[in-house]
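Report on one structure; see the data block that follows.
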Amino acid sequence: MTRSRFPIMVTYAVLAFFYLPILVLVVNSFNASRFGSTWGGWSLGWYERLFRHREIWEALQNTLIVAVAATAAAVVLGTLAAFALHRWQSRLQRAHFTLIYTPLVVPEILMGISLLFFFAALGMPLGLVTITLAHITFCVSYVALVVLGRLQDFDWAVVEAAQDLGAGWWITVRRVLLPLLAPGIVAGALLAFTLSVDDFVITFFVAGPGSTTLPIQIYSMIKHGSPPVINALSTLLLAVTFAAVWLSRRLTEDNR
Amino acid sequence: MNNRLRDRLPEWLVTLPPMGWLAVLFLLPTALIFAISLRPADPFGGIGAGWTLDHIRALATHHYAVIAARTVLFSVLTTAVCLFLALPTGYYIARAPRRWRQTLLLLVVVPFWTSFLIRIFAWKVLLHPDGLFKQALAFLRLVPADAALLYHPPAVLLVMVYTCLPFAILPVYAAAEKFDFQLLEAARDLGAGRFQAFMRVFVPGIRRGVLTAVLVVLIPALGTYVIPDLVGGPTSEMIGNKIAQRVFVDRNLPHAGALAALLTVGVLLPMAAVLVLQARGRRRAPTDEEGL
């Protein structure tokens, strides 16, 4: 039976649609001309400009502080959540799953404004602390689902075996459970870190003066700034992203 | 202590930290949207004392009606285009040889990991009057040479589809992977055309994946704010833009709260509808898996 060529054509058109804009951006970051439509020869000039841009490096520093703190907390909370969702089937866990799942779908702007209201109601000054609290909140769900996916092919007999051999709960967690879950936890952490580094909408709502993160800096550069420097910055960020994706694939595909 | 309760103590201890966190920093703030929309604004950009319906009443203007209609229209169009592209793509990836499948899937997932702002920025450059995409379209005589793409509704729709499409492909693929493709051949043997078999056997067969795709595209799309802000103009503002303006320009938090409350209600309706449809599907096909 002959198969239609329509699906294959759509698939490759979709992939071209995904990657062409990114490709143009990367090529343009090496373009000596200020405007993307004309080619002015190869140049690293925009990268040089980027490295002299002090605000970007300060913003990057803020971004990394938030991302590390938020990832650490989200990994602990998300792993606990995944463990509970996998271990028990009760009405409590059904409510728990709904609460984990909903933040993934709710528009970011609603999460942003609701957290702004929450911090305003508490009288908390906006800054890196409020940004970190907000990032933990949206990262928990992602970590939980990644670790939960990893738990699906987890054999509980191993835990029972450890306990039969006299291991206490702490030894069981530390020597059996955590090593087996490690690839899922690291993949969840990578995802949380990437999402935190990338988040703009929620961050914008709960950021205060002096807590500019990289996406906020990029946003203001897009709004009133110099496009070629953003091309260079984007290319560097894309390189980091591709490395992270590659690493996370390695981690989740191993031992299969 | 009650035995039953003691048995469940470990479950509670493990569940409480994540669930408590989300209850305090997700559920409670969401409820706060409705509470604050009923408060008066104070002149210093804060929240005043007492209660008022002024901000809810202020929503009933022609201006907001246009914005709300446009928000729904853009979101529904985005969802429709994403589904139209995701169905054949998910189908093709699911039928590809195993080795290829992993690569294709990775290629679909990578944009999800790449910076959201950068992907929008890439399109802003392409759509610019001097940009490559605009010039290519003009060269092919698809648009007049002096057409304005950037800052108009088509640009917003294009970029919305661009950012949402991976979210539509993944659940469609996840469901298609478990679909028994022999059913399609059976349909063909029974005299169905290719398209008919696709629409009447394949699409209903991956129903839950399709519903998940609708859910994860439509609902975030309703809250779109950055895309119209960066590639749209005054004729493509959505409710998200109005919320941001009330917060960052006018500093009128209760008014922003009223708009956010409207969006919350508008988001809960389709969400409840999809969940009900999925629950019904589950009863019919209990072995079906969640598609995200």
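Proteins get letters first, then strands, A, B, ... in listed order; numbering begins at 1 in each.
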Given the options [options], which has more heavy-atom pairs under 4.5 Å with chain B than any of the others?
options: A:Leu238, A:Leu110, A:Val24; result: A:Leu110
options: A:Leu115, A:Val240, A:Ile22; result: A:Leu115
options: A:Val197, A:Thr102, A:Val140; result: A:Thr102

Criterion side-chain contact (heavy atoms from CB on, under 4.5 Å) on B:Thr15 and A:Leu85, from CA distance to verdict: CA-CA 8 Å; B:Thr15 310; A:Leu85 289 171; over 6 Å; no
Evaluation steps, side-chain contact (heavy atoms from CB on, under 4.5 Å), between B:Phe116 and A:Asp199: CA-CA 8 Å; B:Phe116 176 63; A:Asp199 182 74; over 6 Å; no
Aromatic ring pairing B:Trp123/A:Phe17, orientation class (parallel under 30°, perpendicular over 60°, tilted between): tilted
Parallel, tilted or perpendicular: rings of A:Phe204 and B:Phe248 (30°, 60°): tilted
Distance flag, aromatic centroids of B:Phe195 and A:Phe6, threshold under 6.0 Å: no
Toward chain A, the part of B:Val24 with a non-hydrogen atom under 4.5 Å: both
B:Tyr162 side chain vs A:Phe18 backbone, donor-acceptor pair below 3.5 Å: yes
When B:Leu107, B:Val108, B:Thr114 are compared by non-hydrogen pairs under 4.5 Å with chain A, the top option: B:Leu107
Intermediate values then yes/no, side-chain contact (heavy atoms from CB on, under 4.5 Å), B:Leu27 and A:Leu99: CA-CA 8 Å; B:Leu27 268 192; A:Leu99 202 49; 3.6 Å; yes
B:Ala256 versus A:Ile113, closest heavy-atom pair with distance: CB-CD1, 3.7 Å
